[in-house]
Amino acid sequence: MATTRWIALLRGVNVGGARRLPMAELAALVAELGGTDVKTVLASGNVVFSAPARPDPGPALEAALARFLGGPARVAMLKAPELAALLAAPPLANVATGAARHLYALALDAAARAALAPLALREWAPERFALDARGAWCWLPAGVADSALMAEVERVTRRGVTTRNEATLRKVLAAALAAEP
């Protein structure tokens, strides 16, 4: 059976001291579920692994994480080529002058993705917003902490996105491609 290189981006772990999840534990959970060549990237809930293309391992990983964390867990799943395509030509690349403040908000479900659409109709200067098929790119020149745009993304999606900056996404992709089957 052919395998796929999967990327799992967890929402709300190891952020601000909440919902602590050691990356060794995350790697072990993924391996217990049948993932191979498992690698975590940074400590913010990013893991790459190989597994069959079907079924999507996301629901099983969410269930295992919920047991481990003692509460609901949300995971966005991408295949390595999908992340490569997202990073190939980010729509805000012409204005985003730093990868640390250029964020991607990946919708965790169709309802969150739909909730993002009206934000594209609003002016966010000096921040910028660009919607795509899986979520939205956000340029936050003053950072995340005081961003009106990110606060609104969280509010309208009911925390239905997981965000990573461009620098982190590039590290995750490099890890995924380093061992792609």
Side-chain angles (χ1 to χ4, degrees), residues 4-19 21 23 26 39-49 56 58 73-180:
T4 294
R5 197 67 173 149
W6 286 96
I7 297 163
L9 305 174
L10 284 60
R11 173 169 168 84
V13 298
N14 300 345
V15 179
R19 295 174 50 108
L21 176 62
M23 292 300 95
L26 175 57
K39 294 180 183 172
T40 60
V41 182
L42 304 173
S44 54
N46 310 301
V47 61
V48 298
F49 59 97
D56 178 338
R74 302 291 307 272
V75 178
M77 298 297 301
L78 293 164
K79 294 177 183 173
E82 292 173 312
L83 182 54
L86 277 174
L87 290 168
L92 300 177
N94 61 331
V95 295
T97 57
R101 294 180 178 195
H102 190 203
L103 277 69
Y104 189 71
L106 184 61
L108 296 168
D109 56 36
R113 168 55 181 81
L116 290 170
L119 301 183
L121 303 175
R122 293 176 53 187
E123 177 60 43
W124 294 101
E127 299 178 328
R128 300 286 298 275
F129 180 88
L131 195 62
D132 71 14
R134 295 286 309 258
W137 283 98
C138 303
W139 167 236
L140 311 173
V144 176
D146 295 320
S147 170
L149 172 56
M150 285 312 298
E152 191 66 0
V153 165
E154 289 290 326
R155 188 188 72 74
V156 301
T157 64
R158 298 184 178 173
R159 300 180 187 224
V161 297
T162 188
T163 58
R164 300 295 188 279
N165 68 36
E166 181 184 350
T168 296
L169 289 175
R170 291 194 183 283
K171 288 177 185 174
V172 170
L173 180 60
L177 296 178
E180 194 165 19

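Computation of the quantities below employed the complete heavy-atom set of this structure, encompassing side-chain atoms and omitting hydrogens, waters and symmetry-equivalent molecules.
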For Thr168, check side-chain hydrogen bond (donor to acceptor under 3.5 Å, both in side chains) against everything at least two apart and list the hits.
Asn165
Residues two or more places apart in sequence or in another chain: which of them pass salt bridge (Lys or Arg N to Asp or Glu O under 4.0 Å) with Glu166?
Arg170
Is there a side chain to side chain contact (heavy atoms under 4.5 Å, CB included) between Leu78 and Leu106? Walk through the geometry before answering.
CA-CA 10 Å; Leu78 293 164; Leu106 184 61; 3.9 Å; yes
Measuring from Leu108:CG to Arg11:CZ, what's the distance to the nearest 0.5 Å?
7.0 Å
Output yes when a side-chain donor or acceptor of Arg158 lies under 3.5 Å from a complementary backbone atom of Ala112, and no otherwise.
no
If you look only at distance, which donor and acceptor atoms sit under 3.5 Å apart when one is on a side chain in residues 118-126 and the other is two or more places apart or in another chain?
| from | atom 1 | to | atom 2 | distance (Å) |
| --- | --- | --- | --- | --- |
| Arg122 | NH1 | Glu152 | OE2 | 3.3 |
| Glu123 | OE2 | Ala125 | N | 3.2 |
| Trp124 | NE1 | Leu119 | O | 3.0 |

How about Asp146: does its CG atom have over 12 heavy atoms from other parts shown lying under 6.0 Å from it?
no
Among residues two or more places apart or on two chains, list those pairs meeting ring pair (Phe, Tyr, Trp, His ring centres under 6.0 Å) that have a residue in residues 148-170.
none
Taking all atoms of both residues into account, what is the closest heavy-atom pair of Ala176 and Val48, and its distance?
CB-CG1, 3.9 Å
Where is the tightest heavy-atom contact between Ala80 and Ile7, given as atom of each residue plus distance?
CA-CD1, 3.8 Å
Under the salt bridge (charged side-chain N to carboxylate O under 4.0 Å, His left out) rule, what pairs show up with a residue in residues 136-145, not counting sequence neighbours?
none
Pairs meeting criterion ring pair (Phe, Tyr, Trp, His ring centres under 6.0 Å) with involvement of residues 89-120, two or more places apart
His102-Trp137, Tyr104-Trp137
With sequence neighbours left out, which residue pairs that include part of residues 129-144 fulfil the salt bridge (charged side-chain N to carboxylate O under 4.0 Å, His left out) condition?
Glu82-Arg134
Output the distance between atom CG (Leu173) and atom CZ (Arg5), rounded to the nearest 0.5 Å.
11.0 Å
Taking only residues two or more places apart in sequence or in another chain, which ones pass side chain to side chain contact (heavy atoms under 4.5 Å, CB included) with Ala8?
Leu10, Val47, Phe49, Leu61, Val75, Met77
Just jot down the side-chain hydrogen bond (donor to acceptor under 3.5 Å, both in side chains) partners of Arg164, sequence neighbours excluded, or say none.
Asn46, Thr162
Dump the intermediate steps for side chain to side chain contact (heavy atoms under 4.5 Å, CB included) on Leu83 and Val172, then the final yes or no.
CA-CA 9 Å; Leu83 182 54; Val172 170; 4.1 Å; yes
Nearest heavy-atom approach of Val161 to Ala107 is CG1-CA, 4.0 Å
Please name all residues satisfying side-chain hydrogen bond (donor to acceptor under 3.5 Å, both in side chains) with Ser147, sequence neighbours left out, ordered by chain then number.
Glu127
Contacts of type side chain to side chain contact (heavy atoms under 4.5 Å, CB included), residue Ala117, not counting sequence neighbours
Arg113, Leu131
Stepwise side chain to side chain contact (heavy atoms under 4.5 Å, CB included) check, Asp56 with Trp6:
CA-CA 9 Å; Asp56 178 338; Trp6 286 96; 4.2 Å; yes
Return the set of residues passing salt bridge (Lys or Arg N to Asp or Glu O under 4.0 Å) with Asp109 (not counting sequence neighbours), or none when no residue passes.
Arg74
